[in-house]
Every structure is written in C-alpha cells, then in structure tokens.
Amino acid sequence: MAPRYALVPDQHGPGGRLQPLTEDGTPLGPPEHVPALAAAVAEREVADRPRWVFAATDGAYAPLLPVRLARSHDLRLTEPLLLGQEGRFGEPRSLGAAWARLRGLPVPADLPESAAEDDQDGLFAPDRLQLPPGTDALEAVVAVHAEQLRRTAAIADPAERHRFRLLAAAESAGGLLAAEMARDGLPWRSDLHDRLLTELLGPRPQVPGAPPRRLAELAAELQRSLGGRPFNPDSHGQVLRAFADRGIQLGSTRSWELRRVDHPAAELMIRYKELSRLHAAHGWAWQAAWARNGRFRPEYVVGGVVSGRWATRGGGALQIPRILRRAVVADPGWSLVVADAAQLEPRVLAALSGDASLARTAAQGDLYEALAATAFHGDRSKAKLGLLGAMYGQTSGDIGPLLATLRRRYPAAMGYVEAAARTGEDGGVVRSRLGRTCPPPSADWLDLTEAPETAGEAGGRSARARGRFTRNFVIQASAADWALALLAALRRRLAALSSGADRPHLVFFQHDEVVVHTPADLADRVAEEVAGAAEEARLLVFGDTPVRFPMSTTVVDCYADAK
DNA sequence: TCGGAGAGCGCC
DNA sequence: AAAGGGCGCTCTCCGA
C-alpha cells in the first residue's frame with residue numbers, strides 16, 4: 001500500500017518504473033521495474049487508489065489508456081502554478097528545468113510548442129522532459145515532486161495553501177481528462193456535416209482548392225452589384241475600394257459596419273463572409289483533417305490560457321460554429337447530456353467579492369432578472385450590460401449611469417473589480433480564487449509607464465489596458481477554477497456510476513459547458529451527477545457562500561437540440 | 001518563398 | 001449601436 005506512486009514509462013516498449021511514495025513524497029522502498037506498465041498501473045489503481053505522479057500527463061498517461069486513473073499530480077502543469085505563486089514569472093517549466101533549479105544546474109529553456117507537434121510516436125518524449133543527458137528520469141520525478149510539495153507547504157496563509165492544493169489537484173485531473181477526451185472523441189456525424197455544407201455552400205468542389213458553387217455565385221453577384229469590376233472579396237483592401245467606387249466609404253469590412261450600409265452589396269458581402277468562413281475554417285478540409293471514423297478528436301491544452309481556461313491545438317474545437325452542432329449526434333442507444341453553468345462569471349464575482357447584496361441576487365434563478373428587479377427598474381438588458389461592462393472594464397457608450405447604479409447598490413462587488421484594475425494599472429499581479437497568478441506586465445509595458453514624460457498617452461493607454469486585463473482576470477480565472485473543480489468532480493462521479501465500455505464519459509468541455517456521452521438509460525443519473533458536481537465545486541472553491549451555480553442541463557440526441 | 005502583422009470572426 | 005476581457009484560425013499583404 002502506498003498513497004502515491006511516481007511513474008516513468010520506458011523509452012521503448014510497454015514497460016516502465018514505479019516508485020512508491022509516502023504522502024509527502026518520500027520514497028517507500030526501492031523502485032520497481034515492471035514489464036507491462038499499463039497492467040501494473042491498473043492493478044495498483046484498484047488496490048491502492050494512489051495519487052499517480054508523473055512528469056507530464058501526455059507522455060505518461062496517454063500511452064496507458066484505456067486504463068483510467070482517479071488521481072494524479074502532473075509536475076509539468078503544477079510547476080507554472082507554483083512559479084506564479086512564488087512571483088517567478090516566465091521561468092521554464094519542464095521537468096528538466098525544475099530539476100536543474102533544484103540541483104543548481106544550467107536551466108534549459110522550454111521547447112517551442114512546435115517541437116511537440118510532430119511527436120506522433122512519442123519518439124521525442126524523453127527529450128521533451130528536457131533532462132540533462134544521463135539523468136535518471138525517475139529520480140528527477142521523485143525529487144521534483146517532493147520539492148513541489150515542499151514549495152506548496154511553504155505558502156504562508158493556511159487558507160491560500162489549502163486552495164492552492166485544490167488547484168494543483170484540479171489542474172492535474174484536468175490533464176487526465178484532456179487525455180481521455182482526446183482519445184474518446186466527440187461523436188461527429190460526417191454525413192450530417194457534409195449535408196449541411198452542401199445545403200449552404202453547394203456540392204463539395206471536385207477540384208481541390210476550387211471555391212464551392214455558392215461562394216462563386218456570391219462573388220459574382222457582389223461584383224455585379226458593385227459595378228462589374230473584378231475584385232477579390234477575401235481582400236479587405238479590394239473590398240473597401242470596390243465599395244468606395246460606389247460612393248460608400250467604409251472604415252473597415254467588419255460585418256457590424258456593413259450591416260449599417262443601405263446597399264444590396266452589403267448584405268451579399270456579409271453572407272459571403274459567413275459562408276466563406278464556414279468553408280475555410282470548418283468545411284470539408286477541416287472534416288478530412290479532424291473528424292474521422294465518427295469522432296472529432298481535438299487536442300486540448302490544459303491551462304493553455306493564462307487565466308486557466310483550456311485551449312486547443314488545431315481543429316478549433318472551442319470555436320466550432322453553433323450551426324455545426326447539428327453534426328454532433330449520440331451513438332444509437334446513447335444520449336448526450338449537455339450542461340452549461342448559467343451566468344457563471346457574474347456569480348463568480350458575487351462569490352469572490354462577498355458582496356452580500358449581489359450574492360442575494362445570485363442565490364438562485366436568473367441573476368440578471370433579479371439584478372434588474374432590485375436596481376434597474378426591471379430592465380434586464382440594462383442589468384446585464386452594466387454588469388458585463390463592470391467585469392470587462394468598459395468605459396464608453398451609455399454605460400456610465402449603469403456603472404454608477406451598480407457602484408451605489410453593490411459597493412463591495414464593484415470595489416473588488418476596481419481594486420483588481422488598480423493593481424494591474426500599477427504594474428502588480430492578481431490571483432484567482434484558487435491561486436492562479438496573472439502574468440506581470442510585459443517589458444514594453446514597463447518602458448511605456450516608467451518613463452511617463454516620453455510615454456505620455458501611450459503609457460496611459462497601456463496601463464488602462466492592463467487594468468482591464470487584471471480586472472477581468474480575477475473573474476475569468478476564478479470561473480476557470482470553478483469549472484476545473486466541476487470537471488474533476490464530474491469525472492469522478494461518472495466513474496463511480498458505471499465502468500466498462502458502456503460508461504458515461506465526458507466528450508466536450510468549453511469554458512463553462514460540458515457534454516457527456518452516455519448510454520441513454522443512464523442519462524438522468526448523469527444529469528443528477530452534473531448538478532451534484534456543480535454544488536461540490538461551489539463548496540470546494542468558494543466555501544461558505546450563499547451564491548448558487550445552477551447548471552442548465554438537457555438530455556438530447558443531438559447537440560444542436562440542447563437548450 | 002517564407003514568416004509576421006493585421007484584419008476579421010468563430011466560441012466563451 | 002458597436003465599446004470593454006480571453007482565445008484559435010484563416011486570409012491577405014508586405015518585407016526580408
């Protein structure tokens with residue numbers, strides 16, 4: 001029985017090494033080499049339920065799948081969280097870098113992301129750890145892990161320390177889940193995708209690179225409508241010139257600007273841009289590259305955004321146009337449980353700031369409705385606009401009076417975001433609820449603000465921009481904390497619900513929304529677990545708060561039918 | 001010929 | 001009506 005195991009796969013073959021550890025990272029006996037790592041890990045998972053410690057989830061866990069592990073500690077994901085906590089920004093985060101810092105060796109720079117991309121066979125996995133030649137990887141994993149636990153224990157404030165441990169655990173769980181979702185994939189009906197593209201764009205072009213029929217038609221109509229001279233509708237310069245030739249001066253080709261133009265060509269242009277984007281970003285080429293054998297497999301990048309939101313690499317999984325949700329259909333006999341957190345960010349603000357009055361409006365139901373009733377004479381749109389403006393740092397438009405109202409009625413909440421903004425303007429850093437740290441100002445920001453006599457207006461603009469960033473960071477990053485806790489809890493609950501090939505599993509995660517693919521007869525149970533996980537996340541992240549985080553959950557066959 | 005910058009728009 | 005936070009992706013344009 002060991003509470004933790006360090007795990008390092010062999011460079012070649014299915015074997016690997018395991019090192020039992022105590023809860024504080026001290027080795028328990030000698031390391032063990034096993035010829036079949038996946039089987040050995042699966043066995044210990046059942047017997048001990050340990051926390052698995054590895055350099056990076058993609059290198060150590062992905063090859064073990066479909067073995068499912070409950071808990072892990074990912075050194076690569078935890079290192080930047082700790083560096084931020086310690087005020088050491090921009091230092092390399094690989095295992096090798098952490099090891100070098102520990103041993104006083106020269107610290108290797110992180111490899112650029114592109115170096116990881118071609119690593120289809122994991123051939124370069126050992127190099128990606130960035131360990132000096134001849135270093136024993138298991139020894140490094142054990143040492144860096146113990147050091148990370150020590151650094152975590154050094155966080156002075158007990159409550160902050162506790163929350164940071166939650167953050168590291170949740171981030172690591174995110175790593176496990178991202179690897180699982182990449183493997184399982186999102187159900188994707190290429191036939192329906194194809195039909196949709198054909199309806200909108202015309203038949204798939206036979207000649208690769210040729211524009212679909214509808215785009216060619218629209219381009220021709222545009223040309224006629226603007227006087228017959230040929231121009232490329234994909235070229236902003238040529239579009240501006242074509243409109244100018246008809247006496248229409250445009251500041252840009254943005255669709256909101258085109259929408260105000262009273263000329264038939266404007267509407268054609270808007271339509272062209274919509275369809276051309278669909279074709280370029282999520283058309284047949286995308287389908288061939290990303291949606292194979294009934295599954296779309298995005299590559300998630302856990303913590304890829306400084307706020308802790310996930311990013312994806314290739315495939316644009318987090319920017320799929322809503323219309324394409326029609327192609328996401330559960331397998332026969334299965335269902336999709338689609339759940340999103342309603343009005344997550346304003347609720348996070350209420351919980352973060354401890355504003356009793358705002359918390360009351362966020363205690364249930366439609367937050368904006370409640371806000372409107374108490375402060376905006378029932379005008380929901382004003383309530384929403386005002387609150388969003390406060391969270392984003394908006395200053396222009398007619399928002400002034402709305403912000404004034406909010407400041408009067410919710411001084412604690414508004415004070416919270418304004419304090420975060422001031423910290424950012426002054427060059428400081430802010431943290432999320434669980435302790436994720438925002439990056440410091442960039443070097444050119446310092447140039448602009450530290451020499452005001454030369455920087456002048458640009459310096460002020462830059463400082464205000466950074467104020468908007470830190471203002472939004474505390475909310476966006478704390479919302480990401482909550483979402484990560486939700487994911488970890490839901491993942492655990494789904495595993496408890498059922499095992500084997502027919503188990504419900506997460507297939508999609510987008511900031512504040514999750515999709516679970518489940519055998520249809522378990523769908524209602526899954527929906528209950530979603531609600532339970534949201535409540536669990538609330539308690540873990542915000543503790544004693546009256547704010548509630550309701551999920552809007554639907555059980556559907558097709559993603560497009562949700563909500 | 002390639003890479004970076006800028007524009008623009010998809011998602012939250 | 002069109003400003004304010006975070007991204008990824010694709011296109012054009014332009015300079016090395």
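Distance check, rounded to the nearest 0.5 Å: CE of Met269(A) to CD of Glu221(A) gives 13.0 Å. Here the straight-line distance linking atom CZ of Arg409(A) with atom CG of Asp355(A) works out to 11.0 Å at 0.5 Å rounding.
Counting to the nearest Å, the P atom of dC11(C) and the CG atom of Leu275(A) are 15 Å from each other. With rounding to whole Å, Leu240(A) atom CG is found 7 Å from dG8(B) atom P. The CG-P distance, from Leu278(A) to dC9(C), rounds to 16 Å in whole Å. Going from atom CE of Met391(A) over to atom C1' of dC12(B) covers 12 Å, rounded to whole Å. Look at CG on Leu344(A): it is 14 Å from C1' on dG6(C), rounded to the nearest Å. Per the geometry, OH belonging to Tyr300(A) stands 16 Å off P belonging to dC11(B), to the nearest Å. At whole-Å resolution of the value, CG in Asp234(A) and P in dC9(B) are 12 Å apart. One interatomic measurement links the two molecules: CG of Leu215(A) to C1' of dC11(C), which rounds to 13 Å at whole-angstrom precision.
When the shell of 6.0 Å around NZ of Lys273(A) is examined, it contains more than 12 heavy atoms from other residues, nucleotides or ligands. Within 6.0 Å of atom CD in Glu267(A), 12 or fewer heavy atoms from other residues, nucleotides or ligands are found, so the atom counts as exposed in its surroundings. Environment of CG in Asp262(A): sparse, with no more than 12 heavy atoms of neighbouring residues, nucleotides or ligands closer than 6.0 Å.
Distances shown here put every side-chain N or O of Arg259(A) at or beyond 4.0 Å from the OP1 or OP2 atom of dA1(C). Between Ser235(A) and dC13(C) there is a side-chain polar atom (N or O) within less than 4.0 angstrom of OP1 or OP2. When the side-chain nitrogen and oxygen atoms of Thr253(A) are compared with OP1 and OP2 of dG8(B), one or more of them lie within a distance under 4.0 Å. Proximity of Lys273(A) to the phosphate of dC9(B): a side-chain N or O atom is located under 4.0 Å from OP1 or OP2. The phosphate of dC7(C) (OP1 or OP2) has no side-chain N or O of Gln510(A) nearer than 4.0 angstrom. Contact annotation: Ser255(A) side-chain N/O to dG8(B) OP1/OP2 distance is not under 4.0 Å.
Distance from the side chain of Asn232(A) is smallest for dT12(C) among the nucleotides dC11(B), dA3(C), dT12(C). When the nucleotides dG10(B), dC9(B), dG6(C) are ranked by their closest atom to the side chain of Val305(A), dG6(C) comes out on top. Among dC12(B), dC9(B), dC7(C), the nucleotide with an atom closest to any side-chain atom of Glu513(A) is dC12(B). Checking dC7(C), dG8(B), dA3(C) against the side-chain heavy atoms of Val306(A) singles out dC7(C) as nearest. Among the nucleotides dC9(C), dC13(C), dG8(B), the one closest to any side-chain atom of Arg254(A) is dG8(B).
In the region residues 467-483 of chain A, proximity to DNA chain C at under 4.0 angstrom, judged on heavy atoms, holds for Arg468(A), Phe469(A), Asn472(A), Gln476(A).
Contact annotation for Gly314(A): backbone-only contact, meaning every heavy-atom pair under 4.0 Å involves sugar-phosphate atoms and none involves a base. Contact annotation for Gly315(A): backbone-only contact, meaning every heavy-atom pair under 4.0 Å involves sugar-phosphate atoms and none involves a base. Within the nucleic acid shown, Gln238(A) comes within 4.0 Å of sugar-phosphate atoms alone, with no base atom in reach, counting heavy atoms only. Within 4.0 Å (heavy atoms only), Gly389(A) reaches no atom of the nucleic acid at all. At the heavy-atom level, Ile399(A) lies nowhere under 4.0 Å from the strands shown.
Judged by centroid separation below 5.5 Å and plane tilt below 30°, Tyr392(A) stacks onto the base of dG5(C).
Remark: the backbone N or O of Gly467(A) is paired with a side-chain donor or acceptor of Thr470(A) at under 3.5 angstrom.
Counting only heavy atoms from C-beta outward, the side chains of Trp188(A) and Trp290(A) never approach each other to under 4.5 Å.
Between Trp256(A) and Gly304(A), the residue anchored nearer the 5' end of DNA chain C, judged by the nucleotide with its closest heavy atom, is Trp256(A). Between Ala465(A) and Trp286(A), it is Ala465(A) whose nearest contact on DNA chain C lies nearer the 5' terminus.
Trp310(A) and Phe509(A) have perpendicular rings, their planes meeting at more than 60° on a 0 to 90° scale where under 30° would count as parallel.
Judged by distance alone, with hydrogens and angles left aside, Arg309(A) brings a side-chain donor or acceptor within reach of the base of dC12(B), the pair sitting under 3.5 Å.
Between Glu79(A) and Arg93(A), no side-chain nitrogen of the basic residue sits less than 4.0 Å from a carboxylate oxygen of the acidic one, so the salt-bridge criterion is not met.
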